[in-house]
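Below is one structure, written out as structure tokens; the observations come after it.
Just the heavy atoms: all of them, side chains too, but no hydrogens, waters or symmetry mates, feed the values below. Here is how names work: the chains are called A, B, and so on, in the same order as the sequence lines, proteins then strands, and each is numbered from 1.
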Amino acid sequence: MLIPCPVCGPRDHEEFAYGGDATVARPTIAEQSATAWATFVYDRTNPKGAHQEHWHHVHGCRQWMVVSRDTETHAVTGARLIGAWAEPETEPGDD
Amino acid sequence: MAEYSIWSVLRHGLTGNKGWKPTWRKPDPKPSYDAIIVGGGGHGLATAFYLAKEHKIRNVAVLERGWLGQGNIGRNTTIVRSNYLLDENAQFYEWSLKLWEGLSHALNYNVMFSQRGVLNLANNPAQLDQFAERGNAMRLNGIDAELLMPDAIAKLCPGLDLSQNARFPVVGGLLQPRAGTARHDAVAWGFAHAADRLGVDIIENCEVVGFVKEGERITGVETTRGRIAAPKIGVAVAGMTSEVMRRAGITKLPIESHVLQAFVTEPLKPLINCVVTFGAGHMYVSQSDKGGLVFGGSLDGYNSYAQRGNLPIVHEVATELLACFPNAGKVRLLRSWGGIMDMSMDGSPIIAKGPLPGLYLNSGWCYGGFKATPGSGWCFAHTIAHDEPHALNAAFTLERFHEGRHIDEAGTGATPRLH
């Protein structure tokens with residue numbers, strides 16, 4: 001799998017560390033419901049098909065990004081940086 | 001006389017082998033059953049068999065989307081063991097191992113269970129200490145375990161590289177002598193055969209596309225071959241759990257689906273006479289009766305429903321095999337394949353009633369599904385028949401995650417790809 005890193009361009013997924021489902025939202029620190037925290041930690045939709053997921057370019061630019069990938073075909077359709085350097089999503093083939 | 005025996009082989013041999021019957025029928029689905037098992041893999045077939053045999057519930061259908069043996073029951077490395085540290089897992093897998101020991105007779109079908117031993121190699125002293133702890137825990141649970149030093153390992157497995165020049169020298173190992181391997185296809189066929197002969201309908205090419213609900217209660221399934229009603233419906237679909245349960249309205253589960261690859265080489269003369277696991281990484285290998293080295297390692301490490309993986313893991317696992325057996329360096333890889341693992345959040349399974357009335361769930365098998373096949377079916381059948389779990393699977397609830405009652409063998413927390 002090639003991941004279109006917004007900083008480094010298309011790179012092999014072996015350079016990246018997987019960070020799991022990116023649609024899972026962490027509750028705010030003020031959240032006091034145990035169920036809300038347990039849902040965040042344990043419960044997943046685990047879709048067959050389109051999946052938004054975190055990857056860390058640990059052997060590259062060391063940026064975290066959200067990658068759009070199909071879990072059935074492994075086709076990667078985009079990646080965008082998250083955090084302080086967030087910018088618009090790139091398409092595969094962009095340099 | 002048993003259907004399969006030396007006498008039946010002789011009798012059919014003398015009459016031109018024209019009298020053999022298909023080992024399971026191909027019935028059309030009836031409008032209703034006493035119980036339906038969704039998923040005709042090893043666990044589903046075993047559940048149907050034990051429902052019929054132990055609980056006399058014989059009006060049962062097993063619904064399989066494809067054909068028998070298509071899924072993980074035919075996509076594993078055939079290893080059977082019970083070398084677990086935690087009590088819940090140790091007792092469950094030991095019961096499963098005991099069922100394996102009598103399985104060929106119980107099914108009247110040779111599953112070729114071979115108790116050749118599983119040897120876990122320790123590649124540093126700390127790991128050997130950990131294995132000593134695990135071995136002691138196993139023995140306290142009544143399971144056989146022996147701690148071996150390199151000289152004993154050299155006698156047990158002569159092809160193994162035990163030189164101190166190795167990148168990861170072997171310092172010892174933990175052996176479970178009663179563990180071993182079985183013929184994976186024969187397990188599917190054997191459970192199908194035995195369940196069929198007890199009256200279970202095994203219905204292939206029948207995908208469950210929806211569930212019939214009366215209020216909150218599940219009362220049947222919609223399939224590609226019509227609607228089928230049953231008061232009790234068990235779901236045992238491994239990596240497809242999240243997708244199938246979504247059709248019942250359950251949108252989130254403590255499960256991620258990941259791809260696990262396995263490999264087999266061209267056939268060789270006998271080289272490895274037990275199952276060997278590599279302690280400095282993650283690799284397990286055995287030699288099949290046909291002579292191929294059957295081996296596997298870690299997950300690819302990302303969510304996947306594709307029954308194939310990527311090349312970095314092929315490279316990693318192959319290098320680990322060569323670290324143990326450098327003499328296999330020129331052996332060619334014959335096949336590789338992938339299976340979709342239902343990775344749970346603590347690495348332990350779920351065999352439970354619910355999460356909806358009328359529904360029963362069997363899932364979360366991670367890497368451990370094949371060896372669990374008879375034990376899983378036995379416990380799931382008990383849970384379905386009695387509407388409550390057996391003591392052996394009482395801890396494997398779906399609610400344990402939210403309740404903080406994890407059974408985390410590896411101690412890696414809620415990160416399914418690390419279990």
Next on the checklist: Are there over 12 heavy-atom neighbours, none belonging to B:R405, within less than 6.0 Å of that residue's CZ?
Outcome noted: no
Checklist outcome for this item: Filtered by a 4.5 Å non-hydrogen cutoff, the part of residues 339-349 of chain B contacting chain A is B:M345
Checklist entry - Has the side chain of A:D43 got a donor or acceptor atom that lies under 3.5 Å from a matching backbone atom of B:K252? => result no
Checklist entry - Using non-hydrogen atoms only, which part of B:H406 is less than 4.5 Å away from chain A: side chain, backbone, both, or neither? => result side chain
Checklist outcome for this item: Okay, B:E243 and chain A: the region with an atom under 4.5 Å from a heavy atom over there is side chain
Item to check | Residues in residues 32-42 of chain A near chain B [non-hydrogen atoms, under 4.5 Å] | outcome: A:T35, A:A38, A:T39, A:V41, A:Y42
Item to check | Greatest number of heavy atom pairs closer than 4.5 Å to chain A - which of B:P416, B:A414, B:S257 | outcome: B:S257
Checklist outcome for this item: Honestly, the part of B:M245 sitting under 4.5 Å from a heavy atom of chain A is neither
Item to check | Side-chain (B:Q261) to main-chain (B:D300) donor-acceptor, under 3.5 angstrom | outcome: no
Next on the checklist: Under a 3.5 Å distance rule, please check whether A:H56 uses its side chain to pair with a backbone N or O of A:R62 as donor and acceptor.
Outcome noted: yes
Item to check | Contacting moiety of B:N303, where chain A heavy atoms sit under 4.5 Å | outcome: both
Checklist entry - What about A:H51 and B:Y302, are their ring centers closer than 6.0 Å? => result no
Item to check | Part of B:R308 within contact of chain A (heavy atom distance under 4.5 Å) | outcome: both
Checklist entry - Hey, what do you get for CG (B:L321) to CZ (B:F263), rounding to the nearest 0.5 Å? => result 10.5 Å
Checklist entry - With side chains defined as the heavy atoms from C-beta onward, is the minimum distance between B:F396 and B:C379 less than 4.5 Å? => result no
Item to check | Approximate separation, where rounding is to 0.5 Å, of B:E316 CD and B:M283 CE | outcome: 11.0 Å
Next on the checklist: Under a 3.5 Å threshold, yes or no: a donor from one side chain and an acceptor from the other, between B:E207 and B:T223?
Outcome noted: no
Item to check | From B:S298 atom OG to B:L418 atom CG, the distance as rounded to the nearest 0.5 Å | outcome: 9.5 Å
Next on the checklist: Set out, in order, the CA-CA distance, both residues' side-chain angles and the distance that settles side-chain hydrogen bond (donor to acceptor under 3.5 Å, both in side chains) for B:E320 and B:H282, then state yes or no.
Outcome noted: CA-CA 8 Å; B:E320 289 175 278; B:H282 190 193; over 6 Å; no
Next on the checklist: Quick check on the interface: out of A:A17, A:P47, A:G19, who has the most heavy-atom pairs with chain B under 4.5 Å?
Outcome noted: A:P47
Item to check | Per-residue contact mode, B:T251 against chain A (heavy atom under 4.5 angstrom) | outcome: backbone
Checklist entry - Between NE2 of B:H258 and OH of B:Y367, what distance do you get to the nearest 0.5 Å? => result 9.5 Å
Item to check | Heavy-atom pairs under 4.5 Å with chain B, option from A:D70, A:N46, A:T73 with the top count | outcome: A:N46
Checklist entry - Does the pair B:E88/B:R400 count as a salt bridge with the N-to-O cut at 4.0 Å? => result no
Checklist entry - How far apart are the C-alpha atoms of B:V208 and B:I36, what are their side-chain angles, what is the distance that settles it, and do they pass the side-chain contact (heavy atoms from CB on, under 4.5 Å) test? => result CA-CA 11 Å; B:V208 170; B:I36 289 174; 6.0 Å; no
